[in-house]
Amino acid sequence: MERFQTLHSPAVPLPLENIDTDQIIPARFLKATTREGFGDNLFRDWRYNPDNSPKPEFALNNPRYSGQVLVAGKNFGCGSSREHAAWALYDYGFRVVISSYFADIFRGNALNTGLLPLQVSDETLGRLLAAIHENPALELVVDLPSQTLAVPAWGETFSFAIDPYKKECLINGYDDIDFLVNQKPAIEAFEKQRAWVW
Amino acid sequence: MPRTLFDKIWDAHVVRSIEGGQDVLYIDRHLIHEVTSPQAFDELAARDLGLFRPSQIIATADHNVPTLNQHLPIEEPLSRSQVDKLTENCQKYGIELYGLGHQRQGIVHVIGPELGLTQPGLTMVCGDSHTSTHGAFGAVAFGIGTSQVAQVMASQCLLLSRPKRMRISVEGELRPGVTAKDIILYIISQLGTGGATGHFVEYAGSAIRALSMEGRMTICNMSIEMGARGGLIAPDATTFAYVQGRPFAPQGEAWDAALGYWQTLYTEEGATFDTEYTYQAADIAPMITYGTNPGMGIPITGHVPSEVPTTEAESFDKSLKYMGLQRGESLLGKQIDYVFIGSCTNSRIEDLRTVAAYVQGKRKAGHVEAIIVPGSKQVEQQAIAEGIDKVLAAAGFELREPGCSACLAMNEDKIPAGKYCVATSNRNFEGRQGPGSRTLLASPLVAAITAVQGRIVDITEYLN
Ligand code: SF4
């Protein structure tokens with residue numbers, strides 16, 4: 001996993017609520033057996049017409065918007081547990097998703113992929129979406145070590161929460177497998193005292 | 001301190017807790033399928049790690065498989081390669097595979113319980129959000145991502161923070177024509193798609209206890225649709241009777257020991273939940289969804305809401321536009337093009353029996369295509385043994401071979417763009433049943449009546 005420390009970037013706005021992982025990456029693109037290349041089909045059916053021509057009104061096709069941060073409506077990533085959704089966002093180039101609420105499995109998948117799910121209040125989210133709509137170049141600064149999101153143009157800084165262990169993993173590029181594999185002696189001891197192996 | 005059912009099971013599986021509040025949680029059973037496992041196997045290979053407990057992994061091919069001519073090689077090359085990859089990995093690592101051609105193949109959440117792999121008190125995971133289904137047996141079962149699939153393969157454990165606890169009670173008796181599917185669609189319509197995020201839900205109350213195991217599985221299955229990590233129901237005599245005698249169920253002395261343990265699995269008097277809701281069964285009507293998330297449900301005789309909060313207006317109107325519906329509209333009389341009966345929510349033998357009992361001696365409407373995809377080979381065999389296949393064929397319903405099918409349309413079974421499909425599955429997201437498809441979620445009974453009438457009706461006027 002890639003390390004994440006600080007990011008300065010404008011953002012792409014997607015002001016819709018309950019964006020599910022079927023929209024982020026439709027099931028018909030889940031047939032690959034590797035992790036790469038999902039970015040091409042990110043938001044496929046919102047981004048392209050059936051004849052593969054881009055839909056100009058969709059944010060990702062709008063030349064006004066760019067950047068490594070996606071700002072999306074409440075309850076982002078609900079539905080299917082497919083980690084491919086996080087891979088697709090990452091593969092496309094996003095490193096941070098800002099929303100006022102994340103679905104649990106998506107949040108975990110994002111963190112395991114090196115994509116930071118950054119939760120803000122409903123109010124801050126609303127202000128961000130409006131401000132980016134006004135000024136697509138609005139710069140956001142995400143700093144993981146200090147757990148802050150800054151909007152320099154506003155002179156404001158917001159702090160965000162993250163599990164301390166997950167924060168360390170992301171900053172250092174570690175993941176849970178390394179940690180868990182090192183727990184084997186404790187796991188084997190646990191197995192011996194389990195009562196319910198029928 | 002009095003403990004909840006969930007906490008009893010979770011506590012019993014904590015290998016150790018680490019600073020910051022995460023637990024190393026031991027996983028008893030790991031179910032895998034062809035779509036979310038290949039990258040996990042690669043991950044292990046890339047790190048030169050083996051599988052820690054391959055005997056605790058069970059595999060099946062379900063998401064991508066055709067539902068016609070399963071005896072022939074899969075035509076679609078990408079689907080075939082994914083299924084082949086699963087077979088290869090299972091052979092390489094010594095994992096038991098219930099793949100295509102196996103007499104017990106089926107949807108992962110249908111075969112687990114059928115085989116007796118799903119038991120009270122266990123922790124179970126799968127790279128699939130509907131793993132919550134297994135909670136119907138009083139297990140802590142939940143969906144995980146592919147990185148976590150690799151973690152469980154490597155260590156049989158996951159690093160997790162303990163979810164919050166929610167209890168949803170449904171009390172009293174259901175009205176005629178109201179089934180388990182209506183209960184859960186009703187609950188989700190009340191709480192919304194994010195209403196249980198961060199929680200593990202225990203379903204309780206007399207209406208839940210009165211349900212069969214199939215009905216309980218339908219309820220727990222859709223827990224994820226309101227954002228819950230999982231759902232579970234305390235095991236009781238109904239549960240024990242279902243498990244007993246199945247291939248992986250404990251036998252003899254082990255059965256007695258298991259039963260003794262399982263009987264301790266309930267929420268103690270006075271245990272506290274972070275959130276509690278109580279509903280009356282009598283308030284629940286046959287339900288249907290009108291929008292593009294499972295929280296957008298109404299009684300079948302109701303109207304699409306005409307007012308929504310301003311912050312939700314953009315998403316709401318986008319959803320109605322996709323569905324070709326208007327604010328305030330009634331769905332009654334709406335013509336339907338397809339009926340899909342299947343998926344891990346409603347493809348069990350009880351569901352097929354419900355449909356067959358209704359359509360016996362009737363015919364589906366001429367313009368409707370009605371497809372029934374059993375959840376497993378076992379369900380298919382049972383349906384044939386009971387003559388259900390003949391009843392369905394006479395009514396013009398097509399009985400396919402098992403798999404996920406049009407639930408997520410990864411195989412050829414797709415609903416064409418713009419067409420309306422009443423489906424017994426669990427998700428009505430845009431494009432879920434194929435690009436442009438319009439899904440209305442409902443119970444098997446509603447689906448059967450809709451297929452016969454060819455349009456949406458007040459089903460309570462059409463009950464046998
Ligand atoms: S039937 Fe549908 S919801 Fe169930 S496991 Fe298959 S794809 Fe997922």
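Throughout, a chain's letter reflects where its sequence line sits, starting with A, and its residues are numbered from 1.
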Test item: B/T36 and A/H84 side chains (from C-beta on) under 4.5 Å apart, heavy atoms: yes
Heavy-atom side-chain proximity of A/S81 to B/H130 below 4.5 angstrom: no
Can a donor-acceptor pair be found, under 3.5 Å and without considering hydrogens, that links the side chain of [X] to the backbone of [Y]?
X: B/Q156; Y: A/I187; answer: no
X: B/S315; Y: A/E17; answer: yes
X: A/Q23; Y: B/E430; answer: yes
X: A/E83; Y: B/S147; answer: yes
X: A/K31; Y: B/M410; answer: yes
X: A/D104; Y: B/G198; answer: yes

Closest contact, heavy atoms only, A/T33 versus B/D42: O-OD2, 3.4 Å
Closest non-hydrogen atom pair between A/S80 and B/S129, with its separation: CA-OG, 3.7 Å
Which atoms of [X] come close to chain B, meaning under 4.5 Å heavy atom to heavy atom: side chain ones, backbone ones, both, or neither?
X: A/D175; result: side chain
X: A/N75; result: side chain
X: A/P15; result: both

Heavy-atom distances under 4.5 Å only: say whether [X] touches chain A with side chain, backbone, both or neither.
X: B/Q433; result: neither
X: B/F52; result: side chain
X: B/V24; result: side chain
X: B/Q39; result: both
X: B/E43; result: side chain
X: B/A417; result: neither

A/E191 and B/R53: CA distance, side-chain angles, deciding distance, salt bridge (Lys or Arg N to Asp or Glu O under 4.0 Å) verdict: CA-CA 11 Å; A/E191 285 178 321; B/R53 295 287 180 252; 2.6 Å; yes
